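Here is the structure we will look at.
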Amino acid sequence: MPPAPHAPHPRRLTVVLAQWCPHCVPLSVRHGRRLARTLGVPLRILDIDRRAQEKLADRLVRDHGDSSPDYLIPQVFLEWSDGEVQHLLTGFSERVPRTDRAWRDLFASDWLKATQGAAGR
Amino acid sequence: MTRRGAVPRLLQAALAAPGATCYRHCDRPIRTRGVRSRLPGVWQVRACPSGVVSVTSYMEWTRRDPTEEVRRQLRRWTVPSSLVRGRDLRLATRHGPELGRAAERMLAANRPKRPIRVVYWRVYPFRARDGSERRLFACFRRAHRSLVFFAAPPTTQANACPVCHRRSSTAGD
């Protein structure tokens, strides 16, 4: 059966981060770029230490992510054409290599295969 | 039959983060210890051999945010309880695709769909009123019914647990 002509597809990938965070830079910037390229969407970086970006980041995290008074970074979100915002990943507080493994597992996931299919429609 | 919110072993393994050494304290390997509570999820305390805590985490298979219950439980374990501050508790949601294929499929097959919620408690080194540095320690001795979190100078050699200390003082009276 052919896909529905108006089925939702990914529109933009956003990574909420800080420059001083080793889970974020360069690790999540590098993986974020790769994931955005894989999905054929633009990458948006929101730096919590830049006031204008901080407000957007805070709202995104509060409405769709893992919100806490001093929330964890990085947090990664995928925006869809129907307006849905999907929280994908939050950094692992334990160790940087664990956050790296989470990104690698995301690239190997069933979810990415299905989402690539949606992106190709 | 498992308790609602309990985390199966497969998911616990998928969330594991082995390795690491004690940061800015002794550089010795960190050990992860499980702790029981009335909550259905899994507690893990990551601490060096001296007891300096790197991070404490609680994970539960649930849609709700367990942060408030985690805070209450931590306050029961901590002397003084004011060491547990809301800003040191951070929530993380694990959906499945970032946990490896087996965990992803297990989470995807479950209905209704539930993620794993993890609450981290990380207390960074801080200064006491006299200006001296303090670190968060955990005492796992069986002298008390549950573990005890407390703050002490990073150079503390002997066990400075206030509960153990109180008991030994009482016994010596």
Side-chain angles (χ1 to χ4, degrees), chain A residues 10 13 15-16 18 20-23 27-28 31-32 35 38-39 48 60-78 84-116 118, chain B residues 11 13-23 29-32 44-47 53-59 65-68 70-71 84-109 113 115-124:
Chain A
L13 186 75
V15 180
V16 173
W20 46 262
C21 163
H23 297 255
L27 180 78
S28 295
H31 285 307
L35 182 58
T38 303
L39 295 172
I48 60 168
L60 196 57
V61 168
R62 188 183 63 233
D63 294 347
H64 304 285
D66 287 326
S67 184
S68 305
D70 186 21
Y71 59 78
L72 286 171
I73 48 171
Q75 291 198 36
V76 185
F77 301 87
L78 184 63
E84 189 200 340
V85 179
Q86 185 178 11
H87 171 259
L88 296 183
L89 189 151
T90 292
F92 277 69
S93 193
E94 294 93 341
R95 304 182 66 205
V96 175
R98 187 63 191 83
T99 300
D100 186 32
R101 198 178 108 203
W103 273 106
R104 291 173 191 281
D105 284 335
L106 189 67
F107 281 110
S109 67
D110 293 340
W111 170 84
L112 184 57
K113 288 195 187 89
T115 307
Q116 275 183 289
Chain B
L11 296 179
L15 283 153
T21 53
C22 186
Y23 184 61
I30 280 175
R31 183 176 165 197
T32 302
Q44 292 186 328
V45 181
R46 292 167 64 85
V53 179
S54 167
V55 67
T56 301
S57 63
Y58 173 78
M59 61 178 91
D65 176 358
T67 303
E68 199 43 51
V70 166
R71 187 212 308 253
V84 183
R85 302 180 308 166
R87 58 170 297 136
D88 295 327
L89 296 169
R90 298 175 179 88
L91 176 69
T93 305
R94 311 300 180 198
H95 302 282
E98 78 279 48
L99 298 179
R101 197 68 62 81
E104 180 185 21
R105 290 181 177 167
M106 185 174 192
L107 285 166
K113 282 185 87 170
I116 304 287
R117 304 278 193 187
V118 184
V119 180
Y120 294 102
W121 183 43
R122 186 184 289 276
V123 179
Y124 290 103

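A, B, ... follow the sequence lines: proteins, then strands. Residue 1 opens every chain. Given the structure is predicted, the values throughout are model-derived calculations rather than measurements.
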_A/S68 side chain near B/T67 side chain, heavy-atom distance below 4.5 Å_ = no
*Relative to chain A, which segment of B/R87 carries a heavy atom at a distance below 4.5 Å: side chain, backbone, both, or neither?*
both
_Check whether B/E104 reaches the backbone of B/L99 with its side chain - one donor and one acceptor, N or O, closer than 3.5 Å._
no
_Between B/R31 (side chain only) and B/R46 (backbone N and O only), is there a donor and an acceptor less than 3.5 Å apart?_
no
*For chain A, the option from B/L15, B/D88, B/V119 that forms the most heavy-atom pairs under 4.5 Å*: B/L15
_Tell me which pairs pass salt bridge (Lys or Arg N to Asp or Glu O under 4.0 Å) where either residue lies in residues 103-112 of chain A, with sequence neighbours left out._
A/D100-A/R104, A/R101-A/D105, A/D110-B/R101, A/D110-B/R105
*asked:* So which residue, B/P115, B/P18, B/G96, ends up with the most heavy-atom pairs under 4.5 Å with chain A?
replied: B/P18
*asked:* I'd like to know if the side chain of A/S28 pairs up with that of A/W103 as donor and acceptor (distance under 3.5 Å, no hydrogens or angles considered).
replied: yes
*Can you say whether B/A14 sits under 4.5 Å from chain A via the side chain, the backbone, both, or neither, judging by heavy atoms?*
backbone
*With only heavy atoms counted, which part of B/I30 is less than 4.5 Å from chain A, the side chain, the backbone, both or neither?*
neither
*Go through the side-chain N and O atoms of B/Q44 and B/Y58 and say whether any donor and acceptor fall under 3.5 Å apart.*
no
*Which of the residues B/G100, B/G86, B/S54 is involved in the greatest number of heavy-atom pairs with chain A at under 4.5 angstrom?*
B/G100
*Is it the side chain or the backbone of A/L88 that comes within 4.5 Å of chain B heavy atoms, both, or neither?*
backbone
_Heavy-atom pair count under 4.5 Å with chain B, highest-scoring of A/S67, A/G65, A/G91_ = A/G91
*chain A heavy atoms under 4.5 Å from B/A103: which part of the residue, side chain, backbone, both or neither?*
neither
_Heavy-atom proximity to chain A below 4.5 Å, by part of B/T93_ = both
*Return yes when atom OH of B/Y23 has more than 12 non-hydrogen atoms of other residues, nucleotides or ligands closer than 6.0 Å, and no otherwise.*
no
*asked:* So, using salt bridge (charged side-chain N to carboxylate O under 4.0 Å, His left out) as the criterion, who are the partners of A/D63 when residues are at least two apart?
replied: none
*Measure B/L89 against the heavy atoms of chain A and call it side chain, backbone, both or neither at under 4.5 Å.*
backbone
